[in-house]
Structure formats: structure tokens, C-alpha cells
2 protein chains.
Amino acid sequence: MTSDPELATRLRLAVTRMARRLRQESGAVGPELSPTLTAALATIDRCGPLTPSAFAQTERIQRPTATRIVGRLEQQGLVERSPDPDDGRVCFVAVTSDGRALLKRIRSRKSEFLAKRLKALTPAEQATLAAAAELLERLLEEPASAPARRAGG
Amino acid sequence: MTSDPELATRLRLAVTRMARRLRQESGAVGPELSPTLTAALATIDRCGPLTPSAFAQTERIQRPTATRIVGRLEQQGLVERSPDPDDGRVCFVAVTSDGRALLKRIRSRKSEFLAKRLKALTPAEQATLAAAAELLERLLEEPASAPARRAGG
DNA sequence: GTTGCTAGTTAGCGTTGCTAATCAGTTTAG
DNA sequence: CTAAACTGATTAGCAACGCTAACTAGCAAC
């Protein structure tokens, strides 16, 4: 049985390298979206409309980063901002129809690096990775007892 | 059964977010090593001594990036370079004892973010993640038929 | 000796994170 | 009502990490 630190080490390496590869491949398919912007768009699609601060909190990034990411997506017409009538400081960010269409396209793309690679795995292996994705997202959820350390700063 | 693009999408999101979190947490524990430098050190430990070009190829990065990463690690005394007696252009990069000690420490750290999080999982879930790490690394291996697209410039 | 190739490095750029600072808007206290 | 305190979003600047283009030095082939 692998100890926690050993498993952590291996997982860390695998994730780090896969993330780098995803970044590299994201430029290969075309000038669409980086992994970061894709994840952001998915979050806004799922949780939106939401304020930049809420977005920052959800993505666990600082607000200046959120501002920039949202600005980028807005520039590409993938999200739009609308003011909050109740608070002049606040705006709400929502996905546009272009953004939704792009998400849909991304989610169905068969020729993309990872989808192609996954095709070579057995169904059991694919199920393992599906379960792992679930687990990874779970690991990212902050336990109720832990301080909200990183977001909204 | 999840289709390949759907699984790809979910995996991409999970990996992207976990990688970001690892980057964020790497500064939290102390000014040790980022995920990228850690992975690099592990590679040099495993495959070294090796030339910067070989390192670049193994990590699937371009040589200028390899130069910088190796330079960084060398600065911290974690790797050292030695000249190739047969070729004045070439040097070999190997892990120092300090580097080895750090790797050992990293590999046994129980208080680190991911290790702590993994502790809360069941043994079956941990096994799933261990298998997934293996699979991720396999997905990163270039099939024999694919061109060595990204490394060695 | 000359030409072509190769290894490693430098320079500059873009992306993605951060912190510090700022500005504008809202809320609270006197 | 006014001033102070607080809050949301943005700007500025920096570092890390990737890339490409260019360069220098060294090696191989002719």
C-alpha cells in the first residue's frame, strides 16, 4: 500500500506534467482557449451569472487575476458583464451564446489531444480516470474546517 | 459510459485546477520548489546525469526552458553541471546530495497539502488515484507512431 | 579550410499567478 | 449629515514558466 506522501508525490508529478502538456496542446489545436480560460468559462457557465469576486473565490484565485481572466473572455465575446442595479461597484459575469457554443464544441471535440489519447485506453482504464477526476475535484473542495485561505484576498 | 470527449473535458478541468492548486500550495509550505522544479529534479534524479537537451526532451519542453530550469536548480545547489570531455558544447546535469536529500524530504512530507488531503480518502480511492497517476503518465508517453513534436526544438 | 549541423544560451514575448495600491461605492458611527 | 471604515473591482508591477528567434561555440563532413 502506497503511503500518503508517496501517492502525493506521484500524483503531483503526474498532474504537473499533464497540465503542462495540456497547456502545450491547447495552442496546437488553434488559438482557442487555454486550459485556464476554458476552466474559467466552464465555471461561469455553471455558476453564473456571478460577480468577479465570487468567480475568484470559486476558482480560488485572487481578484486581480479574476479581473484579467474575465476581461480576456469578454474580449473574445465569450462572457459579458452587466451592472448590479443595487450596488454600483458590482457587475455580474455571464456566458454569452458564443461562449456556450464554444463550450459545447470543446466538450464534443474528438480530435483533441486528450480525447484521442483516451480512446486508446480500455473501458476499465477510462473508468479509473473518470473516478480520479471526481476525486481530484473533491480534493480541491475546501473542508469546512479549513480557512478560506486563497480566494477573495 | 462516458464518451472520450466528455471524459477528456472532465479530466482536463480536474487536472488544470489541481495543477493550479499545487502551484498555489507550493508557496505556502515554504520557499522550496514549485511543481515544475520538483518534477524537473525528479527527472534528473531518475534519468541523470543527462544533457540539457536530453532533459528538455524528457520533460517535453524547449531547450531554452530547460536551460532556465536547470540554471534555477543549480542556483539552489540541487543539481550540478559537469563538462563532457568529448564535446566542448555539452554538459551533464546531475542531482547533488542536497538535491537528493530534498527529494527524499519532499517524498516523505506528511504535512503537505496533497498528502493531507489524500489521508481523508478511503484506501480504494487512494488506489484509484494511484492507478490514475500511472495512466496519466502513460497518456503522456508519445506513441511510437507520433512525431516527437515538442521537444529538443 | 569551408560548410553544414548541433548543443546550449540569450533575448523578448505572452500567459498566469501573486501582492500592493488605488478608486469608487456602500455602510456604519457619531 | 458627515466622516470614517469597509468592500468590490481594477491597475501596476513582479516572478515563474512556457514559447520562438537568434546567436555563439563546437563538431562533423567534404
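The sequence lines fix the lettering, A, B, ..., with proteins before strands; numbering per chain opens at 1.
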Could you go through nucleotides 3-6 of chain C and list every protein N or O atom that sits under 3.5 Å from one of its N or O atoms, giving the distance for each pair?
| residue | atom | partner | partner atom | Å |
| --- | --- | --- | --- | --- |
| dT6(C) | O2 | R89(B) | NH1 | 2.4 |

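Contacts of R105(A) classified as salt bridge (Lys or Arg N to Asp or Glu O under 4.0 Å), with partners at least two apart in sequence or in another chain: E32(A). For A8(A), the side-chain contact (heavy atoms from CB on, under 4.5 Å) criterion is met by R12(A), E112(B), L114(B), A115(B), L118(B), not counting sequence neighbours. R20(B) is linked by a side-chain hydrogen bond (donor to acceptor under 3.5 Å, both in side chains) to E59(A), counting only residues two or more places apart in sequence or in another chain. With sequence neighbours excluded, no residue forms a salt bridge (Lys or Arg N to Asp or Glu O under 4.0 Å) with K104(B). Residues satisfying the side-chain contact (heavy atoms from CB on, under 4.5 Å) criterion with R68(B), sequence neighbours excluded, are R72(B).
The side chain of S53(B) places an N or O atom within less than 4.0 Å of a non-bridging phosphate oxygen (OP1 or OP2) of dG8(C). Under 4.0 angstrom from either OP1 or OP2 of dC19(D) there lies no side-chain N or O belonging to R23(A). Taking 4.0 angstrom as the limit, R72(A) places none of its side-chain polar atoms (N or O) nearer than this to OP1 or OP2 of dG14(C). Distances shorter than 4.0 Å separate some side-chain N or O of T65(A) from OP1 or OP2 on dC18(C).
Counting atom types as modelled, R68(B) pairs a side-chain N or O with a base atom of dG18(D) as donor and acceptor under 3.5 Å.
Between the CZ atom of F92(A) and the C1' atom of dA9(D) there is a distance of 13 Å, given to the nearest Å. Summarising the geometry, the separation between CD1 on I69(B) and C1' on dC19(D) is reported as 12 Å, rounded to the nearest angstrom. The CZ-P distance, from R21(B) to dC18(C), rounds to 11 Å in whole Å. The interatomic distance linking L33(B) (CG) with dA15(D) (C1') rounds to 15 Å, in whole Å. To the nearest angstrom, C1' of dG25(C) lies 13 Å from CG of D86(A). Put simply, CD on E59(A) is 11 Å from P on dC18(C), counting in whole angstrom units. Computed from coordinates, the Q24(A) CD to dC17(D) P distance equals 14 Å when rounded to whole Å. Separating the CG atom of D84(A) from the C1' atom of dT26(C) is a distance of 12 Å, rounded to the nearest angstrom.
Set against dC18(C), dG8(C), dG8(D), the side chain of I61(A) has dC18(C) as its closest nucleotide. The nucleotide whose nearest atom lies closest to any side-chain atom of D87(B) is, among dG26(D), dG18(D), dT16(C), dG26(D). Closest to the side chain of P64(A), out of dT9(C), dC18(C), dT16(C), is dC18(C). Comparing dG8(C), dT19(C), dC17(D) against the side chain of Q62(A) picks out dT19(C) as the nearest.
For DNA chain C, the neighbouring residues in residues 39-52 of chain B, judged by any heavy atom under 4.0 Å, are T51(B), P52(B).
Where the helix from dG1(C)-dC30(D) to dG30(C)-dC1(D) starts and where it ends, the local axes point in directions that differ by 10°; five pairs per end, rounded to 10°.
Distance CZ/F113(A) to CD/Q24(A): 9.0 Å, rounded to 0.5 Å. In this structure, CG on L78(B) lies 8.5 Å from CG on L37(B), to the nearest 0.5 angstrom. Here the CD-CG distance, from Q126(B) to L135(A), works out to 10.0 Å after rounding to the nearest 0.5 Å.
Looking at which nucleotide of DNA chain D each of R81(A) and R20(A) is closest to, the 5′-most match is held by R81(A). Between A66(B) and L37(A), the residue anchored closer to the 5' end of DNA chain C is A66(B), taking for each the nucleotide with the nearest heavy atom.
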Verdict with supporting geometry, I61(B) and I69(B), side chain to side chain contact (heavy atoms under 4.5 Å, CB included) = CA-CA 10 Å; I61(B) 52 178; I69(B) 289 176; 4.0 Å; yes

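Screening residues 93-102 of chain B for side chain to side chain donor-acceptor pair (under 3.5 Å), with sequence neighbours left out, gives no hits.
Within the 4.0 angstrom heavy-atom criterion, only backbone atoms of the sugar-phosphate kind lie near T36(B); the bases stay farther away. Among the protein residues, S34(B) comes within range of the sugar-phosphate backbone only, with heavy atoms under 4.0 Å from sugar or phosphate atoms but none that close to a base.
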Side-chain donor-acceptor contacts of residues 79-93 of chain A below 3.5 Å, not counting sequence neighbours, with atom names and distances?
| residue | atom | partner | partner atom | Å |
| --- | --- | --- | --- | --- |
| R81(A) | NE | E74(A) | OE1 | 3.0 |
| D84(A) | OD1 | D86(A) | N | 2.8 |
| D87(A) | OD1 | R89(A) | N | 3.1 |
| D87(A) | OD1 | R89(A) | NE | 3.0 |
| D87(A) | OD2 | R89(A) | NH2 | 2.9 |

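With M18(B) as the partner, the side-chain contact (heavy atoms from CB on, under 4.5 Å) test is satisfied by one option alone out of L11(A), L140(A), T16(A): L140(A).
Classification of R10(A) and E6(A) as a salt-bridged pair fails, no side-chain N sitting under 4.0 Å from a carboxylate O.
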